[in-house]
Amino acid sequence: MANVETLYKELISEWSKRPPNTVRCGQLLDQLKVALVKIAFLPTDGADAASHKKQLILARSVLEVAVEHSVLSKDLLAFERYMAQLKCYYYDYAKIIGESESKYKLLGLNLLYLLSGNRVSDFHTELELLSVDVIQHNQFIRPILALEQYIMEGRYNKIFQAKSTVPAEVYNYFMDLLVETVRDEIGACIEKSYEKISAKDAAKRLSLRVPDEIKAFGEKRQWKLEASGDYSFTDRSIKPKELLPSEELAEQVLSYARDLEMIV
(Lines give C-alpha, C1' and ligand atoms only; values in the text may rest on other atoms or scores of the structure.)
Protein backbone atom coordinates (compact mmCIF):
# COMPACT_ATOMS: atom_id res chain seq x y z
CA MET A 1 0.00 0.00 0.00
CA ALA A 2 2.91 2.35 0.74
CA ASN A 3 4.16 2.00 -2.84
CA VAL A 4 0.68 2.83 -4.17
CA GLU A 5 0.46 5.96 -2.04
CA THR A 6 3.89 7.10 -3.21
CA LEU A 7 2.94 6.65 -6.86
CA TYR A 8 -0.38 8.38 -6.24
CA LYS A 9 1.28 11.44 -4.69
CA GLU A 10 3.65 11.68 -7.65
CA LEU A 11 0.71 11.36 -10.06
CA ILE A 12 -1.24 14.15 -8.36
CA SER A 13 1.87 16.34 -8.36
CA GLU A 14 2.38 15.83 -12.09
CA TRP A 15 -1.31 16.16 -12.90
CA SER A 16 -1.58 19.45 -10.99
CA LYS A 17 0.95 21.12 -13.29
CA ARG A 18 -0.48 23.33 -16.04
CA PRO A 19 -0.14 21.90 -18.56
CA PRO A 20 0.48 18.46 -17.07
CA ASN A 21 3.14 16.15 -18.47
CA THR A 22 0.74 13.68 -20.13
CA VAL A 23 3.48 11.19 -20.96
CA ARG A 24 4.71 10.99 -17.37
CA CYS A 25 1.14 10.87 -16.04
CA GLY A 26 0.43 7.98 -18.40
CA GLN A 27 3.45 6.09 -17.11
CA LEU A 28 2.39 6.62 -13.50
CA LEU A 29 -1.17 5.53 -14.27
CA ASP A 30 0.12 2.31 -15.82
CA GLN A 31 2.17 1.59 -12.70
CA LEU A 32 -0.75 2.41 -10.43
CA LYS A 33 -3.13 0.12 -12.31
CA VAL A 34 -0.80 -2.82 -11.74
CA ALA A 35 -0.27 -1.91 -8.09
CA LEU A 36 -4.01 -1.49 -7.45
CA VAL A 37 -4.81 -4.88 -8.95
CA LYS A 38 -2.33 -6.49 -6.52
CA ILE A 39 -4.17 -5.02 -3.52
CA ALA A 40 -7.62 -5.99 -4.86
CA PHE A 41 -8.82 -2.40 -5.22
CA LEU A 42 -12.37 -3.50 -6.16
CA PRO A 43 -13.67 -5.79 -3.35
CA THR A 44 -16.65 -8.02 -4.11
CA ASP A 45 -17.82 -8.42 -0.53
CA GLY A 46 -19.63 -5.55 1.25
CA ALA A 47 -17.99 -6.13 4.63
CA ASP A 48 -14.58 -6.35 2.98
CA ALA A 49 -15.24 -3.08 1.15
CA ALA A 50 -16.06 -1.27 4.39
CA SER A 51 -12.70 -2.33 5.87
CA HIS A 52 -10.84 -1.03 2.82
CA LYS A 53 -12.35 2.44 2.64
CA LYS A 54 -8.97 4.16 2.26
CA GLN A 55 -7.94 1.98 -0.66
CA LEU A 56 -11.30 2.49 -2.36
CA ILE A 57 -11.04 6.28 -2.12
CA LEU A 58 -7.49 6.20 -3.48
CA ALA A 59 -8.49 3.91 -6.36
CA ARG A 60 -11.42 6.19 -7.19
CA SER A 61 -9.12 9.22 -7.28
CA VAL A 62 -6.68 7.41 -9.58
CA LEU A 63 -9.50 6.49 -11.98
CA GLU A 64 -10.76 10.08 -11.98
CA VAL A 65 -7.35 11.26 -13.11
CA ALA A 66 -7.23 8.43 -15.64
CA VAL A 67 -10.56 9.51 -17.15
CA GLU A 68 -9.40 13.10 -17.66
CA HIS A 69 -6.00 11.93 -18.87
CA SER A 70 -7.65 9.78 -21.55
CA VAL A 71 -9.59 12.82 -22.78
CA LEU A 72 -6.42 14.90 -22.90
CA SER A 73 -4.77 12.07 -24.82
CA LYS A 74 -7.86 11.72 -27.09
CA ASP A 75 -8.00 8.01 -26.29
CA LEU A 76 -11.72 7.22 -26.48
CA LEU A 77 -11.35 3.50 -25.78
CA ALA A 78 -9.42 4.24 -22.59
CA PHE A 79 -12.05 6.82 -21.62
CA GLU A 80 -14.85 4.26 -21.91
CA ARG A 81 -12.87 1.68 -19.98
CA TYR A 82 -11.94 3.99 -17.10
CA MET A 83 -15.43 5.49 -16.95
CA ALA A 84 -17.01 2.04 -16.66
CA GLN A 85 -14.69 1.22 -13.74
CA LEU A 86 -15.24 4.58 -12.08
CA LYS A 87 -19.03 4.27 -12.06
CA CYS A 88 -18.69 1.31 -9.70
CA TYR A 89 -17.28 3.69 -7.08
CA TYR A 90 -19.88 6.36 -7.79
CA TYR A 91 -22.88 4.04 -7.51
CA ASP A 92 -21.95 0.75 -5.81
CA TYR A 93 -19.68 2.06 -3.07
CA ALA A 94 -21.17 5.53 -2.52
CA LYS A 95 -22.55 4.64 0.91
CA ILE A 96 -19.14 3.41 2.06
CA ILE A 97 -16.77 6.04 0.69
CA GLY A 98 -19.11 9.00 0.22
CA GLU A 99 -19.50 11.22 -2.83
CA SER A 100 -16.55 12.51 -4.80
CA GLU A 101 -16.28 16.21 -5.64
CA SER A 102 -15.58 15.23 -9.25
CA LYS A 103 -18.53 12.85 -9.58
CA TYR A 104 -20.95 15.00 -11.52
CA LYS A 105 -18.25 16.70 -13.54
CA LEU A 106 -17.16 13.31 -14.90
CA LEU A 107 -20.68 11.92 -15.25
CA GLY A 108 -21.55 15.04 -17.24
CA LEU A 109 -18.42 14.49 -19.31
CA ASN A 110 -19.57 10.95 -20.05
CA LEU A 111 -23.01 12.21 -21.12
CA LEU A 112 -21.37 14.69 -23.48
CA TYR A 113 -19.20 11.89 -24.90
CA LEU A 114 -22.28 9.79 -25.67
CA LEU A 115 -24.04 12.78 -27.19
CA SER A 116 -21.04 13.63 -29.36
CA GLY A 117 -21.17 10.12 -30.81
CA ASN A 118 -24.93 10.34 -31.42
CA ARG A 119 -25.49 7.48 -28.95
CA VAL A 120 -28.85 8.77 -27.81
CA SER A 121 -30.14 5.53 -26.27
CA ASP A 122 -27.00 5.14 -24.14
CA PHE A 123 -27.31 8.82 -23.19
CA HIS A 124 -30.81 8.28 -21.79
CA THR A 125 -29.76 5.07 -20.04
CA GLU A 126 -27.11 7.03 -18.13
CA LEU A 127 -29.62 9.79 -17.31
CA GLU A 128 -31.91 7.24 -15.65
CA LEU A 129 -29.22 6.61 -13.03
CA LEU A 130 -29.44 10.23 -11.86
CA SER A 131 -32.05 11.85 -9.64
CA VAL A 132 -34.50 14.39 -11.05
CA ASP A 133 -32.99 17.10 -8.84
CA VAL A 134 -29.48 16.46 -10.20
CA ILE A 135 -30.72 16.43 -13.80
CA GLN A 136 -32.58 19.70 -13.40
CA HIS A 137 -30.14 21.68 -11.26
CA ASN A 138 -26.60 20.27 -11.32
CA GLN A 139 -24.16 22.66 -13.01
CA PHE A 140 -22.51 19.85 -14.98
CA ILE A 141 -25.55 17.76 -15.92
CA ARG A 142 -28.16 20.40 -16.79
CA PRO A 143 -26.15 22.04 -19.63
CA ILE A 144 -25.60 18.66 -21.31
CA LEU A 145 -29.31 17.88 -21.11
CA ALA A 146 -29.95 21.26 -22.76
CA LEU A 147 -27.60 20.30 -25.61
CA GLU A 148 -29.57 17.12 -26.21
CA GLN A 149 -32.77 19.16 -26.28
CA TYR A 150 -31.30 21.56 -28.85
CA ILE A 151 -30.40 18.62 -31.08
CA MET A 152 -33.87 17.09 -30.81
CA GLU A 153 -35.45 20.45 -31.70
CA GLY A 154 -33.01 21.13 -34.53
CA ARG A 155 -31.73 24.32 -32.85
CA TYR A 156 -28.19 23.73 -34.02
CA ASN A 157 -27.15 27.36 -33.62
CA LYS A 158 -27.50 26.86 -29.86
CA ILE A 159 -24.95 24.04 -30.04
CA PHE A 160 -22.43 26.32 -31.73
CA GLN A 161 -23.05 29.02 -29.12
CA ALA A 162 -22.68 26.57 -26.23
CA LYS A 163 -19.16 25.66 -27.33
CA SER A 164 -17.80 28.73 -25.54
CA THR A 165 -19.68 28.06 -22.29
CA VAL A 166 -18.82 24.46 -21.41
CA PRO A 167 -19.07 23.58 -17.69
CA ALA A 168 -15.38 22.59 -17.44
CA GLU A 169 -12.24 22.79 -19.56
CA VAL A 170 -12.06 19.00 -19.92
CA TYR A 171 -15.37 19.14 -21.84
CA ASN A 172 -13.81 21.01 -24.78
CA TYR A 173 -12.65 17.95 -26.73
CA PHE A 174 -16.03 16.21 -26.68
CA MET A 175 -17.74 19.53 -27.40
CA ASP A 176 -15.61 19.83 -30.55
CA LEU A 177 -16.69 16.31 -31.54
CA LEU A 178 -20.33 17.22 -30.93
CA VAL A 179 -20.04 20.32 -33.11
CA GLU A 180 -18.57 18.18 -35.91
CA THR A 181 -21.40 15.67 -35.53
CA VAL A 182 -23.96 18.48 -35.74
CA ARG A 183 -22.23 19.97 -38.79
CA ASP A 184 -22.40 16.60 -40.54
CA GLU A 185 -26.14 16.48 -39.79
CA ILE A 186 -26.58 19.97 -41.24
CA GLY A 187 -24.45 19.03 -44.24
CA ALA A 188 -26.64 16.00 -44.93
CA CYS A 189 -29.75 18.21 -44.73
CA ILE A 190 -28.22 20.74 -47.15
CA GLU A 191 -27.51 17.99 -49.66
CA LYS A 192 -31.13 16.87 -49.61
CA SER A 193 -32.70 20.34 -49.48
CA TYR A 194 -30.81 22.24 -52.20
CA GLU A 195 -29.85 21.64 -55.77
CA LYS A 196 -27.38 24.51 -55.44
CA ILE A 197 -26.13 26.71 -52.60
CA SER A 198 -23.47 29.39 -52.48
CA ALA A 199 -20.38 28.77 -50.40
CA LYS A 200 -21.28 31.85 -48.34
CA ASP A 201 -24.76 30.57 -47.49
CA ALA A 202 -23.45 27.08 -46.75
CA ALA A 203 -20.83 28.54 -44.41
CA LYS A 204 -23.51 30.56 -42.61
CA ARG A 205 -25.67 27.48 -42.01
CA LEU A 206 -22.65 25.52 -40.81
CA SER A 207 -21.41 28.38 -38.62
CA LEU A 208 -18.06 28.47 -40.43
CA ARG A 209 -16.43 31.89 -40.70
CA VAL A 210 -13.17 31.20 -42.54
CA PRO A 211 -13.31 30.36 -46.29
CA ASP A 212 -10.80 27.55 -45.83
CA GLU A 213 -13.14 25.92 -43.30
CA ILE A 214 -16.09 25.63 -45.70
CA LYS A 215 -13.70 24.46 -48.41
CA ALA A 216 -12.36 21.69 -46.16
CA PHE A 217 -15.89 20.73 -45.10
CA GLY A 218 -17.04 20.57 -48.72
CA GLU A 219 -14.09 18.37 -49.64
CA LYS A 220 -14.81 16.06 -46.71
CA ARG A 221 -18.44 15.69 -47.83
CA GLN A 222 -17.33 15.38 -51.48
CA TRP A 223 -19.40 18.38 -52.53
CA LYS A 224 -19.09 19.54 -56.14
CA LEU A 225 -17.85 23.16 -56.30
CA GLU A 226 -18.74 24.94 -59.52
CA ALA A 227 -16.78 27.78 -61.15
CA SER A 228 -19.48 30.20 -59.97
CA GLY A 229 -18.59 29.44 -56.34
CA ASP A 230 -21.78 27.46 -55.73
CA TYR A 231 -21.99 23.93 -54.46
CA SER A 232 -24.11 21.69 -56.66
CA PHE A 233 -26.05 18.69 -55.40
CA THR A 234 -27.96 17.76 -58.55
CA ASP A 235 -26.17 14.41 -58.70
CA ARG A 236 -27.26 13.71 -55.11
CA SER A 237 -30.88 14.63 -55.59
CA ILE A 238 -33.60 12.11 -54.88
CA LYS A 239 -34.70 10.06 -57.87
CA PRO A 240 -37.56 11.60 -59.92
CA LYS A 241 -40.94 11.17 -58.37
CA GLU A 242 -43.06 8.52 -59.99
CA LEU A 243 -46.41 9.60 -61.39
CA LEU A 244 -49.29 8.43 -59.22
CA PRO A 245 -51.94 6.36 -61.01
CA SER A 246 -54.69 8.82 -60.09
CA GLU A 247 -57.51 7.12 -62.02
CA GLU A 248 -56.79 3.74 -60.49
CA LEU A 249 -56.58 5.23 -56.99
CA ALA A 250 -59.87 7.07 -57.47
CA GLU A 251 -61.58 3.86 -58.56
CA GLN A 252 -60.21 2.02 -55.52
CA VAL A 253 -61.42 4.76 -53.14
CA LEU A 254 -64.91 4.69 -54.71
CA SER A 255 -64.95 0.91 -54.46
CA TYR A 256 -64.03 1.05 -50.76
CA ALA A 257 -66.73 3.67 -50.18
CA ARG A 258 -69.38 1.46 -51.82
CA ASP A 259 -68.28 -1.52 -49.74
CA LEU A 260 -68.47 0.51 -46.50
CA GLU A 261 -71.92 1.80 -47.45
CA MET A 262 -73.14 -1.77 -47.98
CA ILE A 263 -71.74 -2.83 -44.59
CA VAL A 264 -73.45 0.06 -42.81
- For the pair L63 and Y89, evaluate side chain to side chain contact (heavy atoms under 4.5 Å, CB included) and give the outcome as yes or no after the intermediate values. CA-CA 10 Å; L63 287 172; Y89 295 89; 3.4 Å; yes
- Flag, side chain of S116 to backbone of Y113, donor-acceptor distance under 3.5 Å: yes
- Expected output: side-chain S16 to main-chain I12 donor-acceptor under 3.5 Å: yes
- Query: Would you say R183's side chain and L206's backbone share a donor-acceptor pair under 3.5 angstrom?
  - Reply: yes
- Task: Verify the neighbour count for atom NZ of K87: are there more than 12 heavy atoms of other residues, nucleotides or ligands below 6.0 Å?
- Result: yes
- Task: Check whether more than 12 heavy atoms from other residues, nucleotides or ligands sit under 6.0 Å from atom CD of E226, and answer yes or no.
- Result: yes
- Does the D30 side chain pair with the main chain of Q27, one donor and one acceptor, at a distance under 3.5 Å? no
- Message: Any carboxylate oxygen within less than 4.0 angstrom of a Lys/Arg side-chain nitrogen, looking at K54 and E5?
- Response: yes
- Item | S102 side-chain N/O to K105 backbone N/O, donor-acceptor pair under 3.5 Å | no
- Task: Output yes when a side-chain donor or acceptor of H69 lies under 3.5 Å from a complementary backbone atom of V65, and no otherwise.
- Result: no
- Message: Taking the ring centre of each residue, are Y194 and F233 less than 6.0 Å apart?
- Response: no
- Can you tell me if T165 uses its side chain to pair, donor with acceptor, with the backbone of A162 under 3.5 Å? yes
- Message: Run the side chain to side chain contact (heavy atoms under 4.5 Å, CB included) test on L72 and W15 for me, step by step, so that the C-alpha distance in whole Å, both residues' side-chain angles and the decisive distance to 0.1 Å come before the verdict.
- Response: CA-CA 11 Å; L72 205 60; W15 186 248; 4.2 Å; yes
- Message: Over 60° means perpendicular and under 30° means parallel, so tell me whether Y231 and W223 are parallel, tilted or perpendicular.
- Response: perpendicular
- Query: Hey, does the side chain of R119 reach the backbone of L115 with a donor-acceptor pair shorter than 3.5 angstrom?
  - Reply: no
- Would you tell me whether T125 and D122 have side-chain atoms, one donor and one acceptor, within less than 3.5 Å of each other? no
- Worked check of side chain to side chain contact (heavy atoms under 4.5 Å, CB included) between V170 and V67: CA-CA 10 Å; V170 71; V67 165; over 6 Å; no
- Got a salt bridge between E64 and K103, using NZ or NE/NH1/NH2 to carboxylate O under 4.0 Å? no
- Donor-acceptor contact below 3.5 Å, side chain S207 vs main chain K204: no
